[in-house]
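Inspection log for the structure reproduced underneath, given as structure tokens.
Ligands are counted one by one from 1 in listed order, and the atoms in each one are counted from 1 as well. A quick note: this is a predicted structure, and the numbers were derived from the prediction, not measured.
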Amino acid sequence: MKELIMIRYGELSTKGKNKRNFVSTLARNIREALSAYPDITLDQQHDFMFLTLNGAPQDEVLEGLSKVFGIQSFSPAIELERDFDLLKEAAVKLVTAELAKRPVATFKVATSRSDHHFAMDTNDINQGLGGFLAEEFPELAVQMKKPDLTVRVKVREQNFLISSEWINGAGGLPVGTSANAVLMLSGGIDSPVAGYLAMKRGIRITAVHFASPPYTSPQALEKAKSLTEKLTKFGGLINFVEVPFTETQEAIKEHVNPAYLMTITRRMMMRISDELRKQYNGLAIVNGESIGQVASQTLESMFAINEVTSTPIIRPVVAMDKLEIIDISKKIDTFDLSIQPFEDCCTVFAPPSPKTRPKMSEIEYFESRLDIDGLVQRAVEGAMKEQIMPGSRNKTEEAFLDLL
Ligand code: ATP
Ligand code: MG
């Protein structure tokens, strides 16, 4: 008998000839998301993937799997020889485990066959095993319609497979099956949620963070990296790029009327992000803008900021209320980090009353006083990349939380 986890694919089962690519991308993401357990093995088959624990803790692995995009559902399962007595033994083990976890009053056995050369057919197995379990567990009643527990048996060419639990996966598409994009990641609540939602559609993100030391603290930078690590759980490795933004912010502060400081700062961020997008082979920029949330996020403002590029800007939270965004940030475990009070580059230089309806003529006037190309180029050249993997920052994060 061998304990496995059976993984069912989501939307990707409809993708025809791209399927092999989808499945291998998903397998890679699962390995990266579970990189803390290097002994697990994955066997990719046509409609399922089988994960063998090889000693890895089942609960942690199930928890890790529940976050990986592209998985529709998964079940702990037992693989065994095609022997009815062994099947009964395995079924007792599974049912006992289920009863320990939750209240169960009714059950049924559901058998399917991918091979028809076994002496018993599906009815024989359903009735034989169902009758046996009803005797073993007198507290359980057989019920065909919506039972609390379904014991699923698969008769396969080489073996039987039996499972009972059915755990919903994260859905979506495996990260890496859509093109790449750059995520503008601040330390706030919105941009990590935006990143999560983009990843859900298979986009592999590069996280770009603007830092303005000494105006912004090392803790603010650490926070952005820790947020990035939270996002790696959904699809594996993420490149984190720290952009030196001090020179740009000082130049803006010196040459731009405070009312336009916010708009022009955002335009500079957008220009630099777009250059980094090219460098990292991205086709879009993702950010956490939401209409009307703050002064820089009126449609007038977004129009003025967007005007520096024709690259698609993806704003996954654009039409959500703050409370909806917060709900997601709690679900993905970024909320507690996001609300840590570290000033980011924008708050430090924030003017008391930014323009909510910036005028293009004014923007052009102030920008003519800046060396736009030089500032962009130096920021891009000074950008520093770090690869972040799930679990890779646990220690740093603990040290960081100690500082609080
Ligand atoms: P968030 O909660 O994501 O910080 P916000 O509500 O604070 O968003 P803004 O400050 O207007 O909104 O920022 C809008 C978007 O600009 C952010 O969602 C993020 O995508 C990007 N951004 C802001 N500051 C930074 C930064 N320091 N580095 C990278 N991107 C940033
Ligand atoms: Mg912010």
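- Side-chain polar atoms of S75 and R8 form a donor-acceptor pair below 3.5 angstrom.
- The option with the heavy atom closest to atom 20 (O) of ligand 1, from among K322, M302, M184, E289, is M184.
- Contacts between V208 and ligand 1 below 4.0 angstrom, taking non-hydrogen atoms only, involve the backbone exclusively.
- The contact set between ligand 1 and G188, taken as ligand atoms under 4.0 Å from a residue heavy atom, comprises 1 (P), 2 (O), 4 (O).
- Looking at T298, its side chain does come within 3.5 Å of a backbone N or O of T356 through a donor-acceptor pair.
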Result block: side-chain N/O donor-acceptor pairs under 3.5 angstrom for residues 89-102, not counting sequence neighbours:
from: T96; atom 1: OG1; to: V92; atom 2: O; distance (Å): 2.6
from: E98; atom 1: OE1; to: R102; atom 2: NE; distance (Å): 2.7
from: E98; atom 1: OE1; to: R102; atom 2: NH2; distance (Å): 3.0
from: E98; atom 1: OE2; to: S164; atom 2: OG; distance (Å): 3.3
from: E98; atom 1: OE2; to: E165; atom 2: N; distance (Å): 3.3
from: K101; atom 1: NZ; to: E165; atom 2: OE1; distance (Å): 2.8
from: R102; atom 1: NH1; to: D148; atom 2: O; distance (Å): 3.1
from: R102; atom 1: NH2; to: D148; atom 2: O; distance (Å): 3.1

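- Annotation: side chain of V380 is in contact with side chain of Q279 (closest heavy-atom distance under 4.5 Å).
- Of all atoms in ligand 1, numbered sequentially from 1 with element shown, those under 4.0 Å from a heavy atom of R266 are 9 (P), 10 (O), 11 (O), 13 (O), 16 (O), 22 (N), 23 (C), 24 (N).
- Per-residue contacts place N287 under 4.0 angstrom from the following atoms of ligand 1 (heavy atoms of the residue considered): 20 (O).
- Between R315, Q297, M269, it is Q297 that holds the heavy atom closest to atom 12 (O) of ligand 1.
- Which parts of ligand 1 touch S191 is read off a 4.0 Å heavy-atom cut-off, strictly below it: atoms 1 (P), 3 (O), 18 (O), 19 (C), 20 (O).
- Because its NZ or CZ atom is both nearer than 6.0 Å to the ring centre of F335 and within 45° of the ring axis, K330 counts as a cation-pi partner of that residue.
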Taking distance alone, no hydrogens or angles, what donor-acceptor pairs closer than 3.5 Å link side-chain atoms of residues 137-145 to residues at least two apart or in another chain?
from: Q143; atom 1: NE2; to: K145; atom 2: O; distance (Å): 2.7
from: Q143; atom 1: NE2; to: K146; atom 2: O; distance (Å): 3.3

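- Under 4.0 angstrom from ligand 1, the non-hydrogen atoms of L185 all belong to its backbone.
- Applying salt bridge (Lys or Arg N to Asp or Glu O under 4.0 Å) to E307 and the options K359, R266, R267, R271 leaves one that passes, R267.
- Remark: among candidates G288, A211, A224, the nearest residue to atom 15 (C) of ligand 1 is G288, based on non-hydrogen atoms.
- At least one N or O atom of I189 sits closer than 3.5 Å to an N or O atom of ligand 1.
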